[in-house]
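Some notes on the structure that comes next.
What's counted below: heavy atoms across the whole structure, side chains too, no hydrogens, waters or symmetry copies. None of these values were measured; they are calculated from a predicted model. Here is the naming used below: chain letters follow the sequence lines, and residue numbers restart at 1 for every chain.
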Amino acid sequence: MEKFTQHTGVGVPLRRSNVDTDQIIPAVYLKRVTRTGFEDALFAAWRGDPSFVLNQDAYRAGSVLVAGPDFGTGSSREHAVWALKDYGFKVVLASRFADIFRGNSGKQGLVAGQVAQEDVELIWKVLETAPGTEVTVDLEARTVTCDDVVVPFQIDDYTRWRLMEGLDDIGLTLQHEEEITAFEATRDAWRPKTLPAKHLPPVEIKAARPVEVSLGRRPGL
Amino acid sequence: MAGTLAEKVWENHIVRRGTDGAPDLLYIDLHLVHEVTSPQAFEGLRLAGRKVRRPDLTLATEDHNTPTLDIDRPIADTTSRTQIQTLRNNAAEFGVRLHSLGDADQGIVHQVGPQLGLTMPGLTVVCGDSHTSTHGAFGALAFGIGTSEVEHVLATQTLPLAPFKTMAITVNGALPIGATAKDIILAVIAKIGTGGGQGYVLEYRGEAIRALSMEGRMTICNMSIEAGARAGMIAPDETTFAYLKGRPHAPEGADWDAAVEYWRTLRTDDDATFDAEVVLEAADLEPFVTWGTNPGQGLPLSATVPVPEQIADPNERVAAERAIEYMGLTPGQPLREIAVDTVFIGSCTNGRIEDLRAAAKLMQGQTKADSVRVLVVPSSARVRLQAEAEGLDKIFLDFGAEWRNAGCSMCLGMNPDQLAPGERSASTSNRNFEGRQGKGGRTHLVSPLVAAATAIRGTLSSVSDLGPDVPVPDGSPLDLQPA
Ligand code: SF4
């Protein structure tokens, strides 16, 4: 993971609340099995709309997304973070994030900074009055600078430290492997194991076949 | 020290206590895996030359992409096929147990864990799927994780986790006739909002919760995530033990006794405090439906579509306007007059045997409204077998419904089961987001009873709309006399 201390890039005002992960990346894109190349999937349902903010030239190269409250709700799909990163976003700012989204962001090196809603409104105003304005996000000082607006943002200490050090989680945990092994030795006998597999006798499952039914469609559809 | 249920389970799993703001490292008892959120995690392991630390605490199943028709033929959609094939390859390479399409234990991951008796009180359960909260119904601390965390658990069987807050949701009294677990949770979400549970583990308590079957409890915990919560939990009791006893992976003999003894300690101490509390009176509840595009936009079926101008909060007003437009509704329109094209009974929220029984009881001897397509999709192949053994499949087919193979199906439309643009569904699933069930599709979340009544009448309906003599079914087996 790359170390993150400070980033400056074009700010993109996304004036919507409750942008859930289905909106960030619709389920159909989840079928891919790779870890990169999701830039086309970001906000796919809105990308065809010329008035959508990322379709306006000034914002197209944006790397700091400034969104409404409750960003990233819904499904836990990490693809939402990959899509934002693959598009080029380094930072998302909002007044509230869904927990899973925030966790996923931290692990992938995307900064999810919590900014008070009134400060979001100030930044939106600048970005909308002067499209293409750059925003500077300083992780060390936990500040956002956008023209003459300078506001603080929140991110927990641990995530901030990991982002600044560019540390991989698994490597960190494996430093404590002995403790994991010691814990495993105390595991109760009743706690389940999936192997060896126990199940009821095998049974044949019949395949359902398409049936002749009148597909309900309201007139005119 | 006095503790809540969630805190007790947490404490019991600390491998290493975090210092200086670092999170605690928790041991994971059970890791469930499915095809959508795992390929990149296995790829990560391979790239780093790592193994799955505990294949014996890991279980994989195919669910999100699986077709519900023609399951004995190759999957037509190539990307779905690739994703499933990738899981099969990874399971084989890393020694992970997998229940594939056609296997009796294939099905939605949140049904398979409980039905095998792997989900138990006092465990930590994770899965790369937000509805892992379902398993909290057993008194397990269960939550959804992202793909990086899936990789982390595969490699280390632990997770560094930030602390949570606790919220008690107490539902007093008894549910009125016709209201179900689904109506409780839709009412809870409408009350606290889609962000109301953020940072919290919810504990559902009170008489109305205690009275629920395990299926009903799973429905409630399942949707905790729709209130933004980390997890939902219910303290285990005799209902929990009775459900588990005799299941393939349930403990036996002395292990069973030791387990039950421990499980009985898994309750919030009387003098423990929650960070927040919410109280609902079950008697006030009625069948609930959503009218909008998030699960918090719900109302009792007797209500009307909100009028945005009357909503004081500007953000909510805009959200309501947008939702009403997307949903193709008119402000002030009675919810009961909304006609649907499709009724979907299934998903990890309401695709279990009790849900199918309740729907079948209403459908028995009836036929569906002409204008409606009805899909019944059991949550697992085992549930399908059980339903067939009980004769439910015949009732569904006679009614005019389609009886499908198990999987997530129209809950998220990753397989061919989708709404066409503009089509409207009454769905027993858990998300009514824009396009969730197919691009342009419109979803009303409902209970299985409302779904069945709606399938009969063609418009959003509850059992009471079917006439005074129709008894309200419960989830007990049908008493089918051989013809
Ligand atoms: S049924 Fe729906 S909510 Fe449940 S796991 Fe499948 S897609 Fe997710």
Side-chain angles (χ1 to χ4, degrees), chain A residues 17-18 20 22-23 26-28 30-35 45 69-70 73-78 81 96 98-100 103-104 107-108 156-158 169-170 173-174 176 179-180 183 188-195 197-200 202-203 205 207-211 213-218 221, chain B residues 15-16 21-23 27 29 36 39-40 43 55-56 58-59 69-72 79-80 82-83 86 97 102 104-105 118 120 130 144 146-148 152 155-156 158 194-195 198-199 228 230 248-249 251 255 258-259 294 315 341-342 371-373 381 385 402-405 412 414 422 433 435-436:
Chain A
S17 59
N18 254 300
D20 57 66
D22 278 77
Q23 252 61 75
V28 5
L30 308 190
K31 292 180 178 178
R32 297 180 183 172
V33 294
T34 52
R35 237 185 154 135
D70 294 316
T73 52
S75 132
S76 62
R77 61 188 70 154
E78 201 155 321
V81 177
R96 278 200 308 262
D99 286 330
I100 298 180
N104 289 342
K107 292 181 173 48
Q108 294 296 325
D156 68 272
D157 294 342
Y158 180 70
D169 251 358
I170 296 179
T173 298
L174 287 177
H176 309 297
E179 284 160 88
I180 301 175
F183 185 92
D188 310 295
W190 58 264
R191 290 188 191 261
K193 288 192 179 163
T194 58
L195 294 171
K198 298 184 204 167
H199 27 165
L200 303 171
V203 205
I205 308 293
R209 296 277 179 239
V211 285
V213 288
S214 56
L215 289 190
R217 295 280 193 282
R218 272 176 301 134
L221 273 176
Chain B
V15 172
R16 186 189 160 81
Y27 199 76
D29 283 310
V36 179
Q40 289 89 354
E43 188 180 298
D56 60 339
T58 311
L59 180 79
L69 288 172
D70 291 333
I71 60 164
D72 50 351
T79 37
S80 288
T82 307
Q83 209 161 63
T86 305
R97 170 177 173 188
D105 285 308
L118 284 166
M120 301 179 185
S130 54
T147 299
S148 294
H152 194 283
T156 70
T158 63
T194 51
Q198 248 171 54
R230 294 270 293 275
H249 282 274
D255 284 345
N294 74 54
N315 275 329
D341 310 289
T342 296
S371 56
V372 179
R373 153 173 77 150
L385 286 169
E402 297 180 52
W403 174 237
R404 299 290 191 93
N405 289 110
L412 90 167
M414 272 185 93
F433 298 155
R436 169 83 175 178

Against chain B, work out which of [options] has the most heavy-atom pairs shorter than 4.5 Å and name it.
options: A/A27, A/A197, A/A98, A/P26; answer: A/A197
options: A/G103, A/G74, A/S17, A/A189; answer: A/G74
options: A/D70, A/I180, A/D188, A/V203; answer: A/I180
options: A/Q108, A/E179, A/Q23; answer: A/E179

Measuring heavy-atom distances to chain A, does [X] have an atom under 4.5 Å in its side chain, in its backbone, in both, or in neither?
X: B/N405; value: both
X: B/E43; value: side chain
X: B/T158; value: side chain
X: B/L59; value: both
X: B/M414; value: both

Expected output: side-chain [X] to main-chain [Y] donor-acceptor under 3.5 Å:
X: A/T194; Y: B/P55; value: yes
X: B/Q83; Y: A/L30; value: yes
X: A/D99; Y: B/G199; value: yes
X: A/E78; Y: B/T147; value: yes

Contact summary for [X] and [Y], nearest pair of heavy atoms:
X: A/N18; Y: B/T194; result: OD1-OG1, 3.6 Å
X: B/S130; Y: A/S75; result: OG-CA, 3.7 Å
X: B/D255; Y: A/W190; result: O-CB, 3.5 Å
X: B/G144; Y: A/I100; result: O-CD1, 3.8 Å

Exercise for the section: Verify the neighbour count for atom NZ of A/K107: are there more than 12 heavy atoms of other residues, nucleotides or ligands below 6.0 Å? Expected result: yes
Practice task
Mind ranking B/A381, B/A22, B/G102, B/S148 by heavy-atom pairs under 4.5 Å with chain A and telling me who comes out on top?
Solution key: B/S148
With only heavy atoms counted, which part of [X] is less than 4.5 Å from chain B, the side chain, the backbone, both or neither?
X: A/D169; result: both
X: A/A45; result: neither
X: A/V33; result: both

Practice task
Test side-chain contact (heavy atoms from CB on, under 4.5 Å) on B/V36 and A/R77 and set out the steps.
Solution key: CA-CA 9 Å; B/V36 179; A/R77 61 188 70 154; over 6 Å; no
Completion exercise
Distance col, row B/T156:OG1 vs A/L174:CG, nearest 0.5 angstrom, shows 6.5 Å
Exercise for the section: Give, for atom CD1 of B/I71 and atom CZ of A/R209, the distance between the pair rounded to the nearest 0.5 Å. Expected result: 9.0 Å
Practice task
Please step through side-chain contact (heavy atoms from CB on, under 4.5 Å) for the pair B/N294 and A/D20, ending with a clear verdict.
Solution key: CA-CA 9 Å; B/N294 74 54; A/D20 57 66; over 6 Å; no
Is the shortest side-chain heavy-atom distance between [X] and [Y] below 4.5 Å?
X: B/D70; Y: A/P210; value: yes
X: A/K198; Y: B/L118; value: no
X: B/H152; Y: A/T173; value: yes

